[in-house]
Amino acid sequence: MASTSSLNFSRTVMVLAESLNLDPSVVQTVIILLDNDNTVPFIARYRKEQTGGLDPTVLRQIQAQYQQLKAIQERAESVIKKIGDKLTPEICSYLRNAVTLEEIEEVYAPFKKGGKGSHAERARQLGLNEPAEHLINDPHSVQLERLIDPNTEGLKNMKQVLLGLQHIIADIIAKDRETLTTMRKMLERRPIRLESHLSRAASKEKENGSGDKKYEQYHGFDFPITALKAHQVLALNRGEQNKILTIKLTVPEQVEKQFLAHLRQVWIPCDAPGNIKKLFNSAVGDAYSRLIKPKVTRLSRSLLTKQAEKESTDLFVTNLYRLLLTPPVRGKNVLGLDPGFSHGCKLAVIGSTGEVLDTAVIFPFGKNANSIQAKNMLVELALKHSCDYVAVGNGVGCREAETLMSQLIKQQAFAPLDIAYCIVSEDGASIYSVSSEADAELPRLDSSLRGAVSIARRLQNPLVELVKIEPKHLGIGMYQHDIPECLLRGALDGVVEDCVSFVGVDLNMAGVSMLRRIAGLNDKKAKSILAWREENGSFINREQLKLVKGIGLKSYEQCVGFVRIVNAGDLHSSASNSLSSGLRYVDFEDEKTITGRGKKRKGENSEGRVKKKKKTKHETQEFSHNPLDMTWIHPESYPVAESVMALLNISPEQIGQPVVKTAISNLLQSHMIDHLAAQLKVGTPTLQHIIDGLRQPSDQDIRNNFQKPLFKRNVTSMADLHPGTQLSGRVTNMTSFGAFVDCGVGRDGLVHKSNMGRFNGAIGLGDHVDVMVHRVDLEKQHIQLILTGISSRFDPQLLVKIEELSNNTNL
């Protein structure tokens, strides 16, 4: 830790514990684990005894705030060095106990050299700094007349001298910490107000009948900043940036009067001569109007934006958890439909293991429409490949595509197939289509058709497909482009790592895009795993990860519990067969990278023969299949797991079978788990984790506990809606002001927070809900809904406990 003493470390622990309402000893343990290069997924799953079972979301909050505090402390130490000889024990203590950068800058302000253009600095350069300080300490100690110098600009006469002294005194007042603290306390009772008006340019456009109506609700906006919501702050910022709105922060008049009275009482000496009193009175007014008020309003605006960005990022995190943990639709052939008008609708049929079976472009609507031919082609592809579902992208033309599918299903055009369709978000699909990853996966497929492939695969296995796209492009939350890149990327990348790690990957099937997201791995290490797999064949034991270049003991410790070796009995087949089947299902990679086609393979000579190389100690070691490698049990716990199996009288080959569940149930009836843990000299959470791993089937997927996609066979028109209409749907997006719900009418309806009633705060992305139509605006295509019930939901904050829940459902 970048701190200067154990006292500083203790202070950090206490600040974090108080901020997050956690036990200080737990926070201290987490910090030590993080400092020892342990990842959040590893800590959350395998260090439960030490953390009290904190889930990843809380651990990431500790991690983020800890990093922030370290940066603050580094800044404090830097400021301490810069202050130098003027540093007092009081200032040093205050700086080292600061919890915000603003506190540090506030203390540092009086010691900074003013800018060359500032009024106070120019006055100081004229030699007025010492007289000004004397006046503050003793108003009778300075003879102002002696400061006049007719030959120096700024000192030529008494007026210039007084103005220079005023600027220096005002600067001292404005940088006084107690003065600013008093101002903040007054504003807590009567907060600053934010006013928003249409800019001059936008007003002229409005008069001419044009202009952007997006920000109409913010014309004449006037609220205390404490009442503003995150989405309002970000919308106001964007409106100002686009020069549609002008924003002004005002200090309440009562606060101004009260604060100025306070300044006069503190800074104007009672026994000073009349001209000195007048000087100080002018300095007080100058300090407030020119320095303090602008500073306070700027700081308030900055804090307002930071808080809004944090709230929006937190919402992004929650939405992303839910999106990535959407259950896969396994073993089904899916037809992906990417709607479009002028360039047609792109079709791609994806097999049950993810391979592209067929593609086509049809024109069911638009200028080049040939609806009969389009319908025939769509039906022909679905029947030819026995498709189970059609995944329809939610972009332009989605409504028309929905209507088309509904008509065909109603006409039983797909008979004897019982096909349903599902609306799938296509956010980021166009970016993926032209990416290098798409070029590597689908080198012979036109980029315009890759979007349809991505849409279909998003239904089959959302996590595998979505990790190929930067989270910020996935269309979750709002105003993602207004949030600082580093803040959003850091938070969302952590979510992806959590989801991929907790779902886990098959070490012999996963490609780079999945492996690099596993805790302890990165892009380089993931590629090294594929290179090792290419050269040596499939992994048959987790221990072999230690043979991979770049995977050290720490990386191995962090990642090994999140990778599994499934179907190890068939792993002695050729590497190429293993790779082709695995990559087809999970992740497509560059053929040249994986198979070596088109270039000399690593270890080959010019004739293509593999060079003999000296075997290392690890490579001469014999590896055999261990059934525990199919579970989420960490190798560090294998000895305990073997002891548990001995107590259960089961063999490793029986892991995950019903007999194990029965044996575990009998064991726990006769032994308290706490006593059993003490007998085995292991923590209760770790023993529980081992027991859960032993009874889990090898194909268990924690995502099964989340909400499945919403499949439909018919479509309703907005024209059919009226106030009071009862509907059911799926939450497609969550914002700070409400939830958007897909009710199958072509447009998502909005359930405002005020219309959620007792369910406010109880729903999230992907939940199935019951709603009632409140208002319909056909012209604006707006639907306002009232939330009446929740059909099914799941809380993504309990990511770690999903494992326990999935075990309970299997008992």
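Hydrogens, waters and symmetry mates play no part in the numbers below; they use all other heavy atoms, side chains included. All values reported here derive from a predicted model rather than from experimental measurement.
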V161 and L128: which non-hydrogen atoms are nearest, and at how many Å?
-> O-CD1, 4.1 Å
Validation row: F316, V495 side chains within 4.5 angstrom (heavy atoms) = no
Nearest-0.5 Å distance that lies between atom CD1 in I483 and atom CD in E311 | 10.5 Å
Is atom CD of Q254 surrounded by more than 12 heavy atoms (other residues, nucleotides or ligands) closer than 6.0 Å?
-> no
Could you check E77 against R96 for salt bridge (Lys or Arg N to Asp or Glu O under 4.0 Å), going step by step and ending with a plain yes or no?
-> CA-CA 7 Å; E77 294 303 320; R96 284 182 172 157; 2.8 Å; yes
Any donor-acceptor N/O pair, H473 side chain to Y432 backbone, under 3.5 Å | no
Partner of D171 by side-chain hydrogen bond (donor to acceptor under 3.5 Å, both in side chains), out of R124, H119, R290, Q166 = R124
Check whether any side-chain heavy atom of M186 sits under 4.5 Å from a side-chain heavy atom of H262, and report yes or no.
-> yes
For G428 against I469, the heavy-atom pair lying closest together | O-CD1, 3.8 Å
Residues T250 and I192: closest non-hydrogen pair is O-CG2, 3.3 Å
Taking atom CD of E130 as the centre, report whether more than 12 heavy atoms of other residues, nucleotides or ligands fall under 6.0 Å from it.
-> no
Stepwise side chain to side chain contact (heavy atoms under 4.5 Å, CB included) test for F280 and I136 = CA-CA 9 Å; F280 273 90; I136 293 172; 4.0 Å; yes
Smallest separation among heavy atoms of S501 and A519, with atom names | OG-N, 3.0 Å
Please indicate whether E485 has more than 12 foreign heavy atoms, meaning atoms of other residues, nucleotides or ligands, lying under 6.0 Å from its CD.
-> yes
side-chain contact (heavy atoms from CB on, under 4.5 Å) partners for L144, two or more places apart = L135, V142, L147, M158, L162, L165, N275, I276
What's the verdict on side chain to side chain contact (heavy atoms under 4.5 Å, CB included) for K70 and D35, showing C-alpha distance, side-chain angles and the deciding distance?
-> CA-CA 12 Å; K70 284 205 295 186; D35 279 343; 4.0 Å; yes
N319 (side chain) donor-acceptor with M734 (main chain) under 3.5 angstrom = yes
Residues E253, R193: salt bridge by 4.0 Å N-O rule | no
Going by heavy atoms in the side chains, are N237 and Q241 under 4.5 Å from each other?
-> no
Show your working on salt bridge (Lys or Arg N to Asp or Glu O under 4.0 Å) between K175 and E105 and close with a plain yes or no.
-> CA-CA 10 Å; K175 291 177 178 177; E105 299 308 320; over 6 Å; no
Is there a donor-acceptor pair under 3.5 Å between the side chain of S312 and the backbone N or O of E309?
-> no
Taking the six-membered ring for Trp, is the centroid-to-centroid distance between F111 and Y108 below 6.0 Å?
-> no
Check the side chains of E497 and T39 for a donor-acceptor pair under 3.5 angstrom, ignoring hydrogens and angles.
-> no
When rounded to the nearest 0.5 angstrom, what distance separates CD in E133 from CD1 in I169?
-> 10.0 Å
Give a yes or no answer on whether the side chain of T152 reaches the backbone of L155 with a donor-acceptor pair at less than 3.5 Å.
-> no
Should we count CD of E18 as having more than 12 external heavy atoms under 6.0 Å?
-> no
Is there a donor-acceptor pair closer than 3.5 Å between any side-chain N or O of S289 and the backbone N or O of G285?
-> yes
Say whether, by atom type as modelled, one donor and one acceptor occur between the side chain of T318 and the main chain of D314 under 3.5 angstrom.
-> yes
Hey, are T246 and E240 close enough side-chain-wise for a donor-acceptor pair under 3.5 Å?
-> no
Could you give me the CA-CA distance, side-chain angles and deciding distance for R184 and E106, then say whether salt bridge (Lys or Arg N to Asp or Glu O under 4.0 Å) is met?
-> CA-CA 13 Å; R184 275 196 293 269; E106 191 175 292; 2.8 Å; yes
Close side-chain approach of Y321 and V496, heavy atoms under 4.5 Å | no
If you measure from CZ on R238 to CD1 on I244, what distance do you get to the nearest 0.5 Å?
-> 10.0 Å
Side-chain touch I62/L22, heavy atoms, less than 4.5 angstrom = yes
When rounded to the nearest 0.5 angstrom, what is the spacing between CD in E102 and OG in S302?
-> 6.0 Å
Any side-chain heavy atom of Q258 within less than 4.5 Å of one from R189?
-> yes
d(T179 OG1, F259 CZ) to nearest 0.5 Å is 6.0 Å
dist L54:CG -> I43:CD1 (nearest 0.5 Å) comes out at 10.0 Å
Between S199 and K243, is there a donor-acceptor pair closer than 3.5 Å when you use the side chain of the first and the backbone of the second?
-> yes
Look at the rings of F223 and F221 and say which category their plane angle falls in: under 30° parallel, 30 to 60° tilted, over 60° perpendicular.
-> tilted
A272 versus K277, closest heavy-atom pair with distance | O-CE, 3.6 Å
Could you give me the CA-CA distance, side-chain angles and deciding distance for Q50 and V26, then say whether side chain to side chain contact (heavy atoms under 4.5 Å, CB included) is met?
-> CA-CA 7 Å; Q50 299 176 43; V26 172; over 6 Å; no
Flag yes if more than 12 heavy atoms outside K295 fall under 6.0 Å of its NZ atom; otherwise flag no.
-> yes
Side chains of V284 and D286: does their closest heavy-atom pair fall under 4.5 Å?
-> no
Using the six-membered ring of Y94, assess whether NZ or CZ of R177 lies under 6.0 Å from its centre and within 45 degrees of the ring axis.
-> yes
Going by atom types only, do Y288 and E256 share a side-chain donor-acceptor pair under 3.5 Å?
-> yes
Any side-chain donor near an acceptor of the partner, N38 and R47, under 3.5 Å = no
Flag the pair H219 / L198 as yes when at least one side-chain heavy-atom distance between them is below 4.5 Å, and no otherwise.
-> yes
Does the distance from a Lys or Arg side-chain N to an Asp or Glu carboxylate O, for K156 and E153, drop under 4.0 Å?
-> yes
Can a salt bridge be assigned to the pair E437 and R516 using a cut-off of 4.0 Å between side-chain N and carboxylate O?
-> yes
Can any side-chain N or O of N97 pair as donor or acceptor with the backbone N or O of S93 at less than 3.5 Å?
-> yes
Determine the minimum heavy-atom distance between S555 and G550, stating which atoms define it.
-> OG-O, 4.2 Å
Other residues, nucleotides, ligands: >12 heavy atoms within 6.0 Å of K554 NZ | yes
After noting the C-alpha distance and the side-chain angles of V266 and D176, does the key distance pass the side chain to side chain contact (heavy atoms under 4.5 Å, CB included) rule?
-> CA-CA 12 Å; V266 171; D176 180 69; over 6 Å; no
